[in-house]
Amino acid sequence: MTDTIGEQLEQLKFRDPARARALAEALAREVKSIGRAPVSVMHVCGSHEQAIARFGLRALFPRDLHVIMGPGCPVCVTDMPEVDEAVALAMAGHRIATYGDMMKVPGSVKSLADAQGEGGTIDVVYGMRQAVDLATAHPDQEVVFFASGFETTAVTTAAVLMSGVPKNFSVLSAHKYIPPAMEIVAQMPDTRIEGFLAAGHAAAITGAVVFEPFVKKHKVPVVVAGFEPLDVLAALVKLLELVKDGRAEVANMYPRVVTHQGNKHAQEKLWTVFKPVGGRWRGIADIPDGNLRLRDEWAHVDARKRFRIDFSQLWDHAPSGLAQRCICGDIMAGVRQPSDCELFGKECLPESPVGACMVSSEGSCRIWHTYGGVPDLREVG
Ligand code: SF4
């Protein structure tokens with residue numbers, strides 16, 4: 001090894017301001033050389049929006065570059081009937097374990113937090129293993145793990161199931177699969193997306209190769225991006241280069257984590273336990289193959305198969321009042337932004353969310369409320 005420690009630290013500076021400025025200048029050059037405005041690209045990951053908002057990267061973007069948020073928050077796209085299922089199970093006396101973000105997500109009638117207030121037993125866990133431990137500690141109770149997250153998280157659900165769980169443990173899967181959602185967004189008539197940033201953590205599982213059919217079909221480039229400020233900026237520069245050159249291809253700008261073929265071992269686990277099925281993503285659309293459900297071989301740990309509860313009576317209950325004014329779906333489809341919502345920062349706040357986008361730390365409205373959104377630079381020039 002010839003690098004000094006100083007050189008190695010230098011290589012790890014993914015937040016270097018000078019490099020960020022150089023990349024911002026490259027972005028401005030690329031947009032200018034494309035020669036039309038605006039140029040609209042989309043990221044499909046709440047962690048990308050977090051990086052953009054937290055580090056104020058929009059202040060570096062050229063005005064003619066629109067970086068639009070897509071459906072990148074798994075909690076936000078968890079549909080009301082899925083929440084209703086968890087609520088119904090809690091109200092039926094089963095013990096629900098789930099991630100903290102899921103507690104306040106509104107169902108059609110109530111959230112899990114409401115169900116807890118009415119006597120339901122709901123435990124917030126940091127990981128599925130903790131939910132399994134709960135089942136071991138309470139053998140007299142049925143413990144249902146309400147599982148959410150994209151394919152990255154679904155792999156951990158699969159791995160824990162494959163390692164064996166107690167008899168009184170089951171999974172209510174609300175896991176989502178991102179590639180089919182990109183298909184839907186690309187086909188929406190109101191979106192004029194010229195390229196996509198793909199989430200690096202999900203691609204670590206599936207590999208960059210998973211986007212090749214999409215690129216071929218829709219003739220738009222996809223760049224796999226990491227989550228440090230320089231990762232995002234460098235990936236955007238690459239994406240604009242591809243747009244400028246009219247090259248519809250997949251580029252991997254996160255090679256320190258993502259390979260072309262992905263993690264085969266993890267993919268095997270994922271598809272051993274789950275199958276993709278069609279279903280709604282909240283506020284967006286019915287997405288073919290967009291939901292991950294347990295395969296029939298795993299019926300014994302599938303809460304939907306284990307408990308024969310008719311949830312349909314809850315599903316007919318239309319949201320009312322403020323919820324009808326929530327535009328979360330349009331935001332996740334990339335056609336509007338949080339500041340377009342009349343409830344944003346007024347009736348809808350993180351402590352009293354009206355829509356799912358204000359609940360999760362990966363939700364666009366929550367992120368913009370925490371860090372601010374598009375900076376208004378008129379005052380500074
Ligand atoms: Fe929905 Fe609240 Fe966002 Fe408005 S601010 S779109 S009500 S989540």
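Residue indices begin at 1 and follow the sequence shown. For ligands, and for the atoms within them, numbers begin at 1 and follow the listed sequence. Computed from a predicted model, the values in this text were never measured in an experiment.
Counting the atoms of ligand 1 from 1 in the order shown, those under 4.0 Å from a heavy atom of Phe344 are 5 (S). Of all atoms in ligand 1, numbered sequentially from 1 with element shown, those under 4.0 Å from a heavy atom of Met358 are 8 (S). Of all the atoms in ligand 1, the ones that sit under 4.0 Å from a non-hydrogen atom of Leu343 are 7 (S). Per-residue contacts place Ile331 under 4.0 angstrom from the following atoms of ligand 1 (heavy atoms of the residue considered): 6 (S).
The number of heavy-atom neighbours closer than 6.0 Å to NZ of Lys216, taken from other residues, nucleotides and ligands shown, is 12 or below. More than 12 heavy atoms of other residues, nucleotides or ligands shown are found within 6.0 angstrom of NE2 on His300. Within 6.0 Å of atom CD in Glu118, more than 12 heavy atoms from other residues, nucleotides or ligands are found, so the atom counts as buried in its surroundings.
What sits closest to atom 1 (Fe) of ligand 1 on the protein, heavy atoms only, is Cys326 SG, 2.4 Å. Taking atom 2 (Fe) of ligand 1 as the reference point, the nearest protein heavy-atom neighbour is Cys348 SG, 2.3 Å.
Coordination check, Cys328 versus atom 2 (Fe) of ligand 1: failed, since every N/O/S atom of the residue sits at 2.8 Å or beyond. Backbone or side-chain N, O or S atoms of Cys365 reach atom 3 (Fe) of ligand 1 at under 2.8 Å.
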*Could you go through the side chain to side chain contact (heavy atoms under 4.5 Å, CB included) check for Glu194 and Arg36 one step at a time?*
CA-CA 12 Å; Glu194 298 187 55; Arg36 59 188 140 73; 2.5 Å; yes
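Proximity annotation for atom 4 (Fe) of ligand 1: of Cys341, Ser339, Gly329, Cys341 comes nearest, heavy atoms only.
None of Leu89, Ile122, Thr78 except one satisfies the side-chain contact (heavy atoms from CB on, under 4.5 Å) rule with Phe146; the exception is Thr78.
Residues His48 and Phe227 bring their aromatic ring centres within 6.0 Å. You'll find the ring centres of Phe14 and Phe55 outside the 6.0 Å limit.
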